[in-house]
Structure formats: C-alpha cells, structure tokens
Amino acid sequence: MRTSKYLIATSKETPADAVVISHQLMLKAGMIRKLASGLYNWLPTGLRVLQKVSRIVKEEMDNSGALEVSMPVVQPAELWEESGRWDVMGDELQRFKDRHDRDFCLGPTHEEVITDIVRNEINSYKQLPMNIYQIQTKFRDERRPRFGVMRSREFIMKDSYSFHLNQDSLDQTYQLMYDTYSNIFSRFGFSFRAVEADSGNIGGNKSHEFHVLADSGEDEIVFSDQSDYAANLEMASAQAPLAERPPSSAELALIPTPDSRSIDDVCNFLGVKQSSTVKTLVVLSDDDEDDEQTLIALVLRGDHQLNEIKAAKVAGVSSPLTFATEEQIRATINCDPGSIGPVKAPVKVIVDRDAAILADFVCGANQDGHHYSGANWERDARIESVEDLRNVEEGDASPDGNGTLSIKRGVEVGHIFQLGNKYSAAMNATVLDENGKSAIMEMGCYGIGVSRIVAAAIEQCHDEKGIIWPDNIAPFHVVIIPLNAHKSEEVTAVSESLYAQLQAIGLDVLLDDRDKKTSPGVKFADMELIGIPHRLVVSDRGLENGQIEYKKRGMPDTQDVAVSDIVAFLKKTVLID
RNA sequence: CGGAGUGUAGCGCAGCCUGGUAGCGCACCACACUGGGGGUGUGGUGGUCGUCGGUUCAAAUCCGGCCACUCCGACCA
C-alpha cells in the first residue's frame, strides 16, 4: 500500500472524550471513529488489525476442530421466549418489531440460535461432541458504553458452543478450549491470566475468564504469588482464618457516639482500629411469600468490603443481593443504618469468617447515636451462620495455602463456561444415545472479544509516541520512508524496488510516498503513532554507502543494513505467522 | 437508572457573566521557501453557534422544553 492511495487519518490532538490510552491512540492513529455512543466506524488501519486478530482466532479455533458457521445478527423473539430469556433479560437486549409487528432482537449472544440449529441437525450421539463457532457482530445496549471499543454497544465476538452426550465429554472440550484460548492469547504476545469466574446470568457452573493485565482494566483479578490459584475478585476467597477466637476480656459497654455513622467516624471518635470493629449491612431475605420480607444482617470486620456475589449465594439471602431501605431498617431495628449492630439484633445475623474470630469488638448498638465496645460473640450476639462474605485483599493468604494473594486489573478478553443443559433442556435439544434413548445434550460456550482484543493489545503495547504492534497483528509489517524522493531518482528507484521485493516475500508493506510537502518528521511521527513495527528509511545519505536504515518500533537504536541484504534481513526479522 | 457536566469549522478551544460584524490554534487549499523529527511566510476554503420555542428593535450570549454526548456511580449473558 502507498500512503498516497491510503487513508492515514492521524491527528495530533487527543480527542477530549477519550480517557483510556487505547481509545485515545485508536482515534489518533486513525483506526476508528465514533458514529454514536458505543458505535464505531473502523477505518482502514483499524480494520486491518481487526481482521488480523480475527484470522488468528479463526486459525486456532479451526485447529481445535471447531466448525465455523454464521448466524444472523437479528434473531426472532420466539427462541428467546423458549429459553425463558426474553423476559429475564434487561434492556441490554435490544428488542424491536418488524413490519409485520413480530418481535425480534439484535443478538447479544447466540445460545438460542445455535441450540436451534443443533436440535434440528444433530440426532445421534455418534455426531457428538461438536463444537461450532462464528465470528460475528453482537449488539448489547450497554447502559454506559465507554473506553472506545473496550466497552461498546456493537462489537465483534468469536462465540462458540459445544454439544455433548455427557459431562465427561464436556469436560474434555472445556479443557481443549482452555488450552486453545491460552494459545490464542499467547500468539498475541499478551501478558494474561485465566481466572476462576462467576458464570453470571448466562447460567451453568464451571467458568473461567481470560484477562489481559492492564491498569485500565474494568475487572479486578486475584492471584497467588506461589501457586496457580487465580480468580476474579467476585469469586476469590482468602484462606479461612487459622486463629481461634480469643476469650472475651471486656465488659459490654454502651457508648454515645453522636454524629458517628460510618466506620471512619466511629474509629476516629473512639480511637480504635477499623479491624477491631464490625460493620453491619442489612439486606433482604429470599422469602418472598408476602410483602413483609424479613431482613438479614451481614456482619464484616470494619476494614473489610462486602462481596455482593458471595453474599447473594448464602442460603436465605436474596439474589440478586438487595439492600434494605432506610425505612425497612427503621421499621424492624428502629435505628438509622449507621448505628446497626449484631448485639440483640432482631434479625438473623450472618457473620464473615474474619469478623467471627474477633473478641471485644466495637459495633453499632441498634440505637441512634450509640455504639457498644467490648462486644463478644455468643455472650452478647447470636450467630446464625459463619460465611465467607468479603472481598479478598492484597496480602491475604491464598486459599490453597500456598503464597499470598495479589490483585491486579485486567481486561476480560475471553470467557469459557460450562452451561450444562440449561438451554438444551429448555429448548428440547436431544440426541439418541447408544441405547436408543433420548438424551438432553450438555453444552459449553466460549467467547472471545475480538474487537476488544485490539484495544487490549494497545493497552499493553504503547509508548509516548503511539502504538507498538506485535508483528502478527500490525496493520503493516514494514513502512518504507523515502527521504527527498522528489530530488533523488535513486531514492525513488530503491524505494520502489524494495516495496515490490518485500511484498513479493509476503510482507504487508506501506510505502510512504506522500509528496515533498510532507516533511520527514511528519512521516516518522505518523508511522510511530500508527505503530508499524519495522521501519526502513531510504535516503541519499545512506545510499552513498549502499545502506538502508532499519529501526524496530519501540527500540532506541537504528541500524544500517546493506541494500543487497535488506530483503533477506527483513525476511528473518519480521515474524509472520 | 441516580448524580455532575458539555454541545460554537474535521479536531482542540475562546467568546456567553455584561445581548449589537462569529474568533484562535491544528488540519485543509494555493504559491514560494525549507528538506533526517510534527518547518517558515503570504493568501485562502470551511460554521443554520445541538434543536425547538420564548423574551427583545436585536440572541452563540438571557429564559424554558427537547435531543445528543461525556464523566462519576449502579449495572454488565
């Protein structure tokens, strides 16, 4: 490609509404343009990268034995009603009617459609297992699109769905996909982690997320420094406390604590550490027979944070977790939410493991403006049950007993689930087994955010000048920059010759043949911003010595290579795979 | 969905408070110079000031409705 025939579309200014680096650089480098909130046009440079990412994902999926199909973006409501998700899904599901007033939606995912295909096409256990994938545009009407293509409403996803006669077969394919995903993200050169994850609303049991480590990531992931334990913060547990609860030594004392409603306030007022206090959060129970929902108190150590996912899984607690309103608290406990505590509380008290081993602690007294000091479990406060309710913290012991936990931010680029028979049962997707009996298929599903990978790669690979692409997803492998071509026939001739020769050995080459009004500085800056990994500068100065200047993007030094060697040099330097 | 904010040229912004000729930088076009790091000069192109309505002799500016977009939070298959 010649820049004179191409759309460079770079800009010096950083657009005001881009906050993360990948979004800024994608706009500045002319890869994308916003069309509306969460909707982006992909310009030529961006599309080249996107297609290379897709190609690698496709190659590895094909290698794994998965079969590629293409399913429509638009899906009929009937299938979603059959699976039960038409009514369950929130407004992320973009619903609309066609001219005949029939209900449709834009596909945010394709479990229903694939299950429909498979129940029609697959009849025998002999055809299983089968893993089917597509690389397709998805639409989710996100409440708050942000970070450019990292969280857009329309995006490209590789989604695959596997079908099995039994759990063993599902386990095997799940592991195969785990390994395939690891291969894919390794090919992009990512620093990534696979972590145990909550399977969320999609249903099912076993689930792993693949995260690219990046400070701008929206998720917090937890891993041990000495073992392979890794989990999403939502799922992560610390090792249960090993210490026994010390014996009580203090008397329960009621203390006026005017205007002290938060843990911070109380600790400042009383001069105690947060870890010697407990905080009490009141949530709704899950008995919904009548309007009079009972309340449940969740008690954590003052310095710990509630994990809402874990709390919602505790027996008796509403799911999704719903906090009691101030009125409900007032009606049942008769105090404001800043003064609640487990002592003589008129509700069930569920206690976090770390809060349960405290003795002589400070807590709310269930009277406005009062706290207790010297409170002790059993003696002063009844425990309904002890659970793991809190977020892990940096430095907690790993649950497998090996090492301590670190927390880093990550961008979720892949997610694999074991769905079980949630969709196959609802939609009656069965095969005949070897005994001739009808069997509901087990399912797995596996997603990769293809467009998100482009952003994640930039998050990991950039410097103050711009993007630094790995060779295998760079929009171009090599850029040739002729200097003073308008004055030097030799520079022009050598540049053209190189351009042809490098293309002939299979490289994607960009020849910066913009006219003399485009100064060398502009060309260098543009190509560094765009992130082309290999740069050749052809100049009279170099040609006098029979040399071309080579520079690798991101490396400080240039090197001179003989004109006669340059093609062979690049052939072995550029990593095309 | 709650809170906050912004809409003026392709991009970044000023002008609004105190109503009266719509401006600056970048980009773009022409010419000349320059020619290994976003160069210089001269001259240009480009805007229904988000939109609808109100006040006024007069509205980018004051008032109101609507729309769009952004940020923080909640949510996220």
Side-chain angles (χ1 to χ4, degrees), chain A residues 7-20 23-24 27-28 30 33-39 43 80 83-86 88-94 105-112 138-148 150-153 155 157 159 161 197-204 207 209 218-219 232 234 308-309 320-323 412 415-417 419 422-423 445-447 449 452 465-466 481-488 491 512 514-529 535-543 548-549 551 558 560:
Chain A
L7 182 59
I8 292 285
T10 53
S11 73
K12 273 191 262 189
E13 304 272 6
T14 300
D17 56 7
V19 293
V20 298
H23 188 196
Q24 292 173 357
L27 289 165
K28 287 181 74 171
R33 290 289 184 262
K34 186 173 71 180
L35 180 62
S37 180
L39 301 176
L43 301 185
W80 288 76
S83 73
R85 288 207 288 182
W86 185 257
V88 172
M89 296 276 289
D91 289 334
E92 291 82 35
L93 182 65
Q94 180 71 57
C105 64
L106 295 178
T109 178
H110 282 71
E111 281 83 8
E112 283 80 2
K138 307 286 189 200
F139 189 91
R140 298 178 186 176
D141 192 8
E142 294 283 349
R143 281 170 186 187
R144 190 176 161 207
R146 58 184 140 175
F147 303 156
M150 287 240 277
R151 179 163 294 275
S152 52
R153 292 193 290 178
F155 56 98
M157 184 169 162
D159 50 326
Y161 307 89
D198 184 61
S199 49
N201 291 353
I202 197 167
S207 169
E209 290 170 351
E218 290 187 275
D219 296 289
N232 190 303
E234 294 173 347
E308 298 190 20
I309 303 280
L321 193 71
T322 311
F323 287 98
E412 182 188 347
H415 201 160
I416 60 178
F417 302 82
L419 294 175
K422 173 172 171 170
Y423 298 91
C445 87
Y446 319 93
R452 185 180 274 184
K465 291 174 177 171
I481 301 182
L483 296 183
N484 289 321
H486 59 106
K487 281 188 181 170
S488 167
V491 166
D512 198 346
R514 283 178 287 182
D515 68 20
K516 61 182 181 179
K517 298 194 69 170
T518 306
S519 72
V522 170
K523 292 182 177 180
F524 293 150
D526 274 347
M527 296 309 149
E528 283 161 342
L529 174 58
R535 182 184 83 186
L536 298 179
V537 176
V538 182
S539 67
D540 276 326
R541 201 173 74 189
L543 291 179
I548 304 284
E549 178 193 284
K551 185 170 187 295
T558 61
D560 291 321

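Just so you know, these numbers come straight off a predicted model, no measurement behind them. Lettering follows sequence order; numbering is per chain, from 1. Side chains included, hydrogens not; waters and symmetry mates left out as well; all remaining heavy atoms used.
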By the 4.0 Å heavy-atom rule, please label [X] as base, sugar-phosphate, or nothing.
{"X": "A/Pro108", "value": "base"}
{"X": "A/Asp17", "value": "sugar-phosphate"}
{"X": "A/Glu308", "value": "sugar-phosphate"}
{"X": "A/Asp526", "value": "base"}
{"X": "A/Glu218", "value": "nothing"}
{"X": "A/Arg452", "value": "nothing"}

For B/G23, give the paired nucleotide (Watson-Crick: N1-N3 plus N6-O4 or O6-N4; G-U: N1-O2 and O6-N3; both under 3.5 Å), or none.
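Answer to the pairing question: B/C13, which forms a Watson-Crick or G-U pair with B/G23.
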Ignoring backbone atoms, test whether A/Ser37 places a side-chain nitrogen or oxygen under 4.0 Å from the OP1 or OP2 oxygen of B/U70.
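Looking at the OP1 and OP2 atoms of B/U70, one of them is under 4.0 Å from a side-chain N or O of A/Ser37.
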Give a yes/no on whether any side-chain N or O of A/Lys34 is located under 4.0 angstrom from OP1 or OP2 of B/U70.
yes
Distance criterion of 3.5 Å, no angle test: do you see the side chain of [X] paired donor-to-acceptor with the base of [N]?
{"X": "A/Glu528", "N": "B/G37", "value": "yes"}
{"X": "A/Arg151", "N": "B/C76", "value": "yes"}
{"X": "A/Asn484", "N": "B/G36", "value": "no"}
{"X": "A/Ser519", "N": "B/G38", "value": "no"}
{"X": "A/Arg535", "N": "B/G37", "value": "yes"}

Could you work out which one of B/A74, B/G38, B/C69 sits closest to the side chain of A/Ala525?
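Shortest atom-to-atom distance from the side chain points to B/G38.
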So if I take every side-chain heavy atom of A/His486 and compare against B/A77, B/C71, B/G35, which nucleotide ends up nearest?
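Of B/A77, B/C71, B/G35, B/G35 is nearest to the side chain of A/His486.
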Using the [atom1] atom as the reference point in each nucleotide, state the distance between [N] and [M] in Å, no decimals.
{"N": "B/G73", "M": "B/G38", "atom1": "C1'", "answer": "40 Å"}
{"N": "B/G23", "M": "B/U56", "atom1": "P", "answer": "29 Å"}
{"N": "B/U18", "M": "B/C76", "atom1": "C1'", "answer": "48 Å"}

Using a cut-off of 4.0 Å between protein heavy atoms and nucleotide atoms, how would you tag nucleotides 22-32 of chain B 5' to 3' with B, S and -?
---BSS---B-
Over how many whole Å does the gap from A/Leu483 atom CG to B/G39 atom P extend?
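Spelled out: CG on A/Leu483 to P on B/G39 is 15 Å.
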